[in-house]
Amino acid sequence: MPNLIAKSALFGQAPLTLGGVTLAEAPLGEMFSVAGQGKALDKALGKLGLVMPAPNSCAVGTGGVIVWTGRDQAFLLGDGSTLAEVAAVTDQSDGWAHLTLEGDFVAVLARLVPVDLRGFGVGQALRVGLGHMQAVIFCTAAARADLLVFRSMARTAWDEIAHAMQHLAARRVVGL
Amino acid sequence: MRLTCPLCGPRDRREFYYSGSADYLTRPATDDAAGWDNHLHLRDNPAGETRDLWYHETGCAQWLLVTRDTVTHVISKVELVAK
Amino acid sequence: MSQQDTGPPMRYSGFNVIRQGLSGNKGWTPAWRDPAPKAEYDVVIIGGGGHGLSTAYYLAKNHGLTNIAVVEKGYLGGGNIGRNTTIVRANYFLPGNSEFYSHSLKLWEGLEADLNYNVMHSQRGLINLFHSDGQRDAFVRRGNAMINQGDDAILLDREGVRKHLPYLDFEQTRFPIYGGLLHPRGGSARHDAVAWGYARGADQRGVDLIQNCEVTGIDVSGGRVTGVQTTRGAIRAKKVAIIVAGRSSQVAAMAGMRLPIESHVLQAFVTEGLKPVIDHVVSFGMGHFYISQSDKGGLVFGGDLDFYASYAARGNLPMVEHVMEAGMTLMPMIGRAKVLRSWGGIMDMSPDGSPIIDKTGIEGLYLDCGWNYGGFKAVPASGWCMAHLVATDTPHEYAARFRLDRFRTGHLLDEEGTGSQHNLH
Ligand SMILES: Cc1cc2nc3c(=O)[nH]c(=O)nc-3n(C[C@H](O)[C@H](O)[C@H](O)COP(=O)(O)OP(=O)(O)OC[C@H]3O[C@@H](n4cnc5c(N)ncnc54)[C@H](O)[C@@H]3O)c2cc1C
Ligand SMILES: [Zn+2]
């Protein structure tokens, strides 16, 4: 097997800054879906400095970031292979695109997401629609949102977010 | 219309897929044509309180049992089918 | 007021318009009487919508039955017959549907002369657009089925579509326009005029149209229907026909029946009046959106059901958004038009998307329902076939497959191939 070159979903896409908000593609990392419950899983997660997150929450540990994605299900942004014995684990690294929005992301996402994000802050996570797409949005640092969308939807997600940023920036120019 | 998902919280109607009457949850009492007809096709179709199945498609991907009013669109209860 | 008070029924004609115009328009008589219910009729029709009124008309005209009452809880034309987007077409595919809608279109073509009433039937042509090779194949097949049925269908390529509909967005690449299936005899009509025309025709033949009269019970004795209870008293009847569209489940329940029907809300929209710009009826193949322009100039358009069971004659915003998005994708020029009104109607959705015209398990009780969102074009043929069934106790050959028990026996008529679920048709 030759060594393949890993390419992110938006490979080569430069960050976009408009109206004080920066949209960027996050580097391609490892991502595992972890589904399960029970003591053995808790113990294995503990070694990564993590617990199974409560609904709508996320946390950072020594072994990566864990994000709630459903009933008894979470995404581990990190190496999940050590959990394979104690949970249903699938490597989904190449199935998703990871974007970040830094700055006043609330105003941008308000145009795309049917949830009120005012007050959305560190430690919170959502599974929610982004335009017509399914998305996971989580927050691990102030004034920054991380977004996960299906890899096949990456370009659409980028376009729609960039559009919303343009609209907001344009309104600012005319003083709205 | 907004539904309060027991996991995700209050969400807009567009995040959900409607599947149909809660009749789909009860397997037919008899395994003959009449039983299946009853299960798949015949409906009370009430004008008033009803129970039906919704899927939180762009949310947590859970099936939900929703109690609501078909005349006023008031949602009175949302439960996880899986519980 | 009875027929005798007003003299013979008035004929509408150009001559009469001029004569009345010259005499201050004082001589017009009401288009129908407003009788009180009698104690007994040969046939009571529950529901004064399009289908109830056309059934009454053809019972009188084709079968000579005139001791009939149409019992309507509101006013004539206040239900779906006055809420639809008026598309009339015969482009069905499955045996069972094809011959029925083909017959209906033929009746439409002679309707104004037959009723002596201007229903503004306009055969402006219907174009269903397609946007992929697979869709083209499906439309070729549908077109062939239409031609085999004796109706008309013309396959247009992209340039052919451009000639008819130059205003579409031919540049957009997401849903490229590959072509369209043109059904030249398809078109539209004025919805409430159809109700009024049939009402007047039935009234002139002696049918009692009883408004503000809600049926609250169906009397059954020894397995036979004997009459109905109403808010204006009991009415005895030898035969009773349930023709109440979105309210079918409630009325059938009065006779102890549970129907294969779920009621759903469908929305529609109309813009301010514009100069003539859209000459045809056009439908988008990549999102549910269809549009035509009314004779008053308003753009009349709609899309999908709201998808959840509902009896509220209003919908929700996500479907509004979807319809507007689809419209803007297809013809960005309409973006400047202001939407004046939107409304909803309650659709009697059947599990396979096809209707029911059948007897019930109760002798003398008949059922006409399951029109989904396509029952306007069916008004003439439904009345024709339902009248035949009620008068002769045998199904009309064009409606022979619209059986109530077809779901149990597995003889579904799933025109769209979307499966046995009420909201998917
Ligand atoms: C937005 C919209 C768009 C549509 N577009 C199209 C289209 O483009 N082409 C097409 O072919 N079809 C279309 N349809 C479908 C079509 O309008 C219906 O299928 C058809 O009108 C239904 O039959 P009807 O006319 O008899 O119904 P209705 O007019 O609803 O008649 C039923 C009547 O029964 C009465 N009733 C109910 N309960 C009782 C009771 N207990 N006692 C007495 N009376 C009672 C009601 O008051 C009502 O007047 C559309 C529908 C809607 C809502
Ligand atoms: Zn949810």
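Note on naming: letters A, B, ... go to the chains in the order of the sequence lines (proteins, then strands), and numbering restarts at 1 for each one.
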message: Within the structure provided, determine whether B/Met1 and C/Asp306 are in side-chain contact (heavy-atom separation under 4.5 Å).
response: no
query: Is the shortest heavy-atom distance from the side chain of B/Arg14 to the side chain of C/His322 under 4.5 Å?
result: no
field: Part of B/Ser21 lying under 4.5 Å from any heavy atom of chain C
entry: both
- line: Under 4.5 Å to a heavy atom of chain C? For B/Phe16 that would be neither
query: Hey, does B/Tyr18 have a side-chain heavy atom less than 4.5 Å from the side chain of C/Asn423?
result: yes
- prompt: For C/Gln421 and B/Ser19, which heavy atoms make the closest approach, and how far apart are they?
  reply: NE2-O, 2.8 Å
message: Under 4.5 Å from any heavy atom of chain B, what part of C/Ile261 do you find: side chain, backbone, both or neither?
response: both
- prompt: Can you tell me how far the CG atom of B/Asp23 sits from the CD atom of C/Glu262, to the nearest 0.5 Å?
  reply: 9.0 Å
Can you give me every donor-acceptor pair (side chain of residues 55-64 of chain B, partner residue at least two apart or in another chain, under 3.5 Å) with its distance?
from	atom 1	to	atom 2	distance (Å)
B/His56	NE2	B/Glu15	OE1	2.8

field: Neighbourhood of chain C inside residues 34-50 of chain B, taking heavy atoms under 4.5 Å as contact
entry: B/Ala34, B/Asp37, B/Asn38, B/Leu40, B/His41, B/Leu42, B/Arg43, B/Asp44, B/Asn45, B/Pro46, B/Ala47
query: Which bit of C/Pro351 is near chain B, if near means a heavy-atom gap under 4.5 Å: side chain, backbone, both or neither?
result: side chain
- prompt: Around atom OH of B/Tyr17, are there more than 12 heavy atoms of other residues, nucleotides or ligands at under 6.0 Å?
  reply: yes
- line: Taking every heavy atom of C/Pro318 against every heavy atom of B/Arg13, the minimum-distance pair comes out as CG-CD, 4.1 Å
- request: Looking only at non-hydrogen atoms, find the nearest pair between B/Arg68 and C/Ala309 and report the distance.
  value: NH2-O, 2.7 Å
